[in-house]
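Worksheet: the structure to be examined is printed underneath.
All ligand and atom numbering here is 1-based and tracks the order in the structure. What you see is a predicted model; the values in this text were computed from it and never measured.
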Amino acid sequence: MTKTNESLFERARRVIPGGVNSPVRAFRAVGGTPRFIARAQGAYMYDAEGSRYIDYIGSWGPMILGHGHPAVLEAVQKAALDGFSFGAPTEREIELAEEILKLVPSMEQVRLVSSGTEAAMSAIRLARGATGRNKLIKFEGCYHGHADALLVKAGSGLATFGTSTSAGVPAEVVQHTLVLEYNNLPQLEEAFSLHGADLACVMIEPIAGNMNFIRTQLPFMKRLRELCTRHGALLVFDEVMSGFRVGLHSAQGLYARALPGFEPDLSVFGKVIGGGMPLAAFGGKRAVMEQLAPLGPVYQAGTLSGNPVATACGLATLREIQRPGFFEALSARTRSLVDGLAAVARENGVPWSTDCEGGMFGFFLADTLPQNYATVMATDKERFNRFFHGLLDHGVYIAPALYEAGFVSAAHTAEDIEATIAAARSVLK
Ligand code: PLP
């Protein structure tokens, strides 16, 4: 029997809930049958039916070099021959930690884990342990993985804390999480005046990729830093998506350039630092990080943490992105894509706004660039879904939901971008 995406989806649904191991893969937001990917090379993915797609998801961020980069493949093959996992320290963990710290000056120490969820969850525990406080602030539309305390939507007012977005999370577990609107300065001020003394941390995606692509506005970030410092709350940057993706020094490098001296207290990384393997990290100043076990009272551990094959993959990836001109070329390519798409939208009278940084981009079917989650979700979903399927039919694979960012890799050529814009032109017509 020939394998089709549909037959595989049917088979998958019998043995895996919803047929997928992570919900967004199921195409529920856009409808239709998910593509079952058989292999990928460079900027392309090939599905079970042999169809080729220009890939703008890049495994949701990690594949900044494209698929199957020779230097990464070689590093992974070599590491695999030496052993998959030891449960004992290795030199490569030190190398990867050194490489990350060299590029992120706000951190003096880093701990490696296996997923962004784990890194964000551990950073929260560390912030609570280090400050002796329980409460935390997050922002609507920012995703920090699926730890219980972070699966929260806003309560009915600033004095009420959140309610969980998932069944199975006791109200007691989210009672300390306050959810605010992204980029809403008066709300931030009020939240600090009400709860500042009890706040362990504020966690934020500095460039949010889980409500498409929205930046934290500079005055908001500046004030957030001031308020955290004044009230003794830790500012935690979730750079799982933006890290080593929007620039060599991540989003915090961009904010430090605009706001001299700016640093978060803790940072969370994932995706690019693993190059497509399960690897993530969190880090900060030594005094805070040394609160972690085995030195301090905050427990955190992992059987596969710092896995030898994953660290080899991440290290090779981080070395490649440091080649001279890497981010300049990647940024130019991304820019040519978003400019081209915007021009095609204009030609066809389709409302459009767009933004990008490094190898990450977003576009909205709206005339003005949204600044928070509610505005993103108010954009034209129906039209987005038709655009998504139109592109897919033309061999262009963007994220299957209007609230997800897009990713360009170093493997995307000018021809790939042109082909994408041409596909968009015929779809938007
Ligand atoms: N934080 C951000 C900003 C993310 O985008 C994600 C995943 O997309 C996570 C955390 C969770 O990472 P993971 O899926 O590796 O658990």
- prompt: Do you know which two heavy atoms are closest between R35 and D47, and how far apart they sit?
  reply: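 Smallest heavy-atom distance, with atoms named: CD-OD2, 3.6 Å.
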
query: Looking at A405 and M241, what are the two nearest heavy atoms and their distance?
result: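 Heavy atoms of A405 and M241 come nearest at CB-SD, 4.4 Å.
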
message: Heavy-atom pairs closer than 4.0 Å: do any link ligand 1 to the side chain of N210, the backbone, both, or neither?
response: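 Under 4.0 Å from ligand 1, N210 contributes side-chain atoms alone.
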
Proximity to ligand 1 by part of Y143, non-hydrogen separation under 4.0 Å: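 For Y143, backbone and side-chain atoms both sit under 4.0 Å from ligand 1.
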
Which residue supplies the protein heavy atom nearest to [atom], what is that atom called, and how far is it?
atom	answer
atom 1 (N) of ligand 1	D238 OD2, 2.6 Å
atom 7 (C) of ligand 1	K271 NZ, 3.5 Å
atom 13 (P) of ligand 1	G116 N, 3.4 Å

message: Could you check whether R13 makes a cation-pi contact with F9, meaning its NZ or CZ is under 6.0 Å from the centre of the six-membered ring and within 45° of the ring axis?
response: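 Yes, R13 sits over the ring of F9.
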
Quick check: does [X] get an N/O under 3.5 Å from an N/O on ligand 1?
X	answer
G145	no
E205	no
T117	yes
H144	no

- prompt: Taking only heavy atoms of S115, which atoms of ligand 1 are found under 4.0 Å from at least one of them?
  reply: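 Matching atoms, with element in brackets: 15 (O), 16 (O).
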
- prompt: Are the side chain of K285 and the backbone N or O of S106 linked by a donor-acceptor pair below 3.5 Å?
  reply: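 Yes, the answer is positive, given that a donor and an acceptor are paired below the 3.5 Å cut-off.
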
message: With a 3.5 Å distance limit and no angle check, can you tell me whether Y255 reaches the backbone of P206 through a side-chain donor-acceptor pair?
response: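 Here the side-chain-to-backbone pair exists.
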
task: For the residue pair F262 and F237, categorise the inter-ring angle as parallel (less than 30°), tilted (30 to 60°) or perpendicular (more than 60°).
output: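 Judged by the thresholds at 30° and 60°, the geometry between F262 and F237 is tilted.
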
- prompt: Can E320 and T317 be counted as having a side-chain donor-acceptor contact under 3.5 angstrom?
  reply: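 No donor-acceptor contact under 3.5 Å links the two side chains.
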
